[in-house]
Amino acid sequence: MSASPLPYTDTKPQGSADFYYATNATFRFLLARLGEDGWRRYLRDLGRDYFAPVNRAWRAGGLPAVAAYWRAFFAAEPGGEVEVRELPERVEIKVRVCPAILHLRAGNRGIVREYCRHCHILGEARAAEAGLQMRLSGGDGACVHTYATPAAALPPQDPAAIREVAS
Amino acid sequence: MIGCHDFCGHYEWTFAWLERAGGHPLVRDYWDAAINRDSQRHARELIEREGFAGMEKYWGHTLLEESPDLGFNITTSPGVFRIDMHDCPSKGFLRRNGLEQYRDYCDHCMGWTGPMMREAGFVIDHEHNHRGQCWWEMRRAAEKGGHAAPGSVSGAKDVRLRPDWRPPGAVLDRYVKQTDPDRKSPPAS
């Protein structure tokens with residue numbers, strides 16, 4: 001069993017950034033073929049199913065497991081600048097430079113304007129499986145993710161707090 | 001956030017999700033529209049423009065980035081571009097992590113490179129053994145030949161010379177001068 005907080009690990013320390021092209025293209029495809037509802041359904045299913053081992057680890061380990069996961073996650077992503085802070089009742093992930101948006105822009109790729117919303121839709125589905133809440137603010141290259149226990153009583157997600165990507 | 005360090009995992013999961021959502025036609029559409037025409041448009045443009053030289057540039061860069069320990073070999077000969085994959089970084093990731101949602105992950109390679117090659121004027125001879133090993137030969141569509149004898153193009157680097165290329169019970173998927181992911185040939189005897 002891997003000691004990494006990541007459920008799926010590679011032999012390389014970091015992934016290949018060109019794969020962000022495929023994620024962006026997948027979103028464009030799903031939005032075009034299945035509409036926004038289909039895209040949302042895809043992300044929620046991905047969060048509950050593919051990420052089930054992480055969700056279980058979060059449920060068992062609470063916020064320290066959430067913090068450990070995101071530290072390991074961004075260490076394995078190339079090019080980002082991220083700080084993970086453990087606070088009472090919440091973990092804040094301050095993404096100063098989003099590695100995906102950075103690479104997509106460097107590659108002159110048209111980014112789907114909904115791109116940053118995927119972090120909330122996916123994160124919310126995963127957090128719910130772990131008995132947590134997730135909120136997102138910012139976007140378009142810099143944002144803050146918050147994972148919190150119910151005791152934090154976070155206000156509902158403000159959709160306007162998530163910026164669209166300006167390609 | 002969806003990351004790139006475990007890309008092959010959620011990519012493979014996506015094939016199965018798409019098949020449930022829209023059947024096999026939606027999976028094929030995804031490989032062509034999203035991967036060939038969007039994500040990998042840099043490969044497409046390079047190979048359309050430069051042919052064999054474009055293949056060498058694209059796969060030389062991509063495979064080196066994904067497989068820095070050189071689990072592959074590229075051979076360029078007159079009229080043919082060949083890849084021998086001895087340790088596929090992508091299938092290897094799935095096997096090491098026990099991930100298998102879709103019936104044949106390896107089909108995605110023909111799924112996106114097939115349409116790309118067809119439109120650039122090439123056809124593909126290919127076999128994969130579902131164990132992270134495969135080989136590819138690209139030739140101009142009008143060119144004769146295909147399925148060159150083991151060792152005749154890439155010498156000792158030919159993946160078919162490995163003792164574990166076809167272990168008992170392994171099923172080889174085989175394509176002959178093809179660009180359509182659904183047109184597999186019967187296995188060679």
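Being a predicted model, the structure only gives us computed values, none of them experimental. Each chain gets a letter, A, B and so on, in the order its sequence line appears, and its residues count up from 1.
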#### Entry: Test log, rule salt bridge (charged side-chain N to carboxylate O under 4.0 Å, His left out), inputs A:Glu83 and A:Lys94
CA-CA 5 Å; A:Glu83 179 190 3; A:Lys94 286 184 181 278; over 6 Å; no
### Message
Test ring pair (Phe, Tyr, Trp, His ring centres under 6.0 Å) on B:Trp17 and B:His10; report intermediate values, then the result.
### Response
CA-CA 10 Å; B:Trp17 189 91; B:His10 47 76; over 10 Å; no
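Most heavy-atom pairs under 4.5 Å with chain A: of the set B:Ile35, B:Leu18, B:Thr14, B:Asp29, this distinction falls to B:Asp29. Counting heavy-atom pairs closer than 4.5 Å to chain A, the top-ranked of the candidates B:Arg41, B:Gln101, B:Gln40 is B:Arg41. The residue among A:Gln14, A:His103, A:His120, A:Arg41 with the most heavy atom pairs within less than 4.5 Å of chain B is A:Arg41. In terms of heavy-atom pairs under 4.5 angstrom with chain B, the leader among A:Arg33, A:Glu77, A:Arg28, A:His118 is A:Glu77.
Rounded to the nearest 0.5 angstrom, B:Thr113 OG1 and B:Tyr58 OH are separated by 9.0 Å.
The part of A:Leu43 that comes within reach of chain B is its side chain, from C-beta onward, which places non-hydrogen atoms under 4.5 angstrom from that chain. In this structure, the portion of A:Leu34 lying under 4.5 Å from any heavy atom of chain B is its side chain and not its backbone. For A:Phe29, the part sitting under 4.5 Å from any heavy atom of chain B is the side chain, from C-beta outward, and nothing else. Of the two parts of B:Leu94, neither the backbone nor the side chain holds a non-hydrogen atom closer than 4.5 Å to a non-hydrogen atom of chain A. For chain B, the nearby part of A:Leu122 is the side chain; its heavy atoms alone come within less than 4.5 Å. With a 4.5 angstrom heavy-atom cutoff, A:Leu30 touches chain B only via side-chain atoms.
Side-chain N/O atoms of B:Tyr11 and A:Thr26 include no donor and acceptor closer than 3.5 Å.
No more than 12 heavy atoms of other residues, nucleotides or ligands sit less than 6.0 Å from atom CZ of B:Arg183.
A distance of 6.0 Å or more separates the ring centres of A:Phe27 and A:Tyr42.
Between A:Arg59 and A:Glu129 there is no salt bridge, since no side-chain N of the basic residue sits under 4.0 Å from a carboxylate O of the acidic one.
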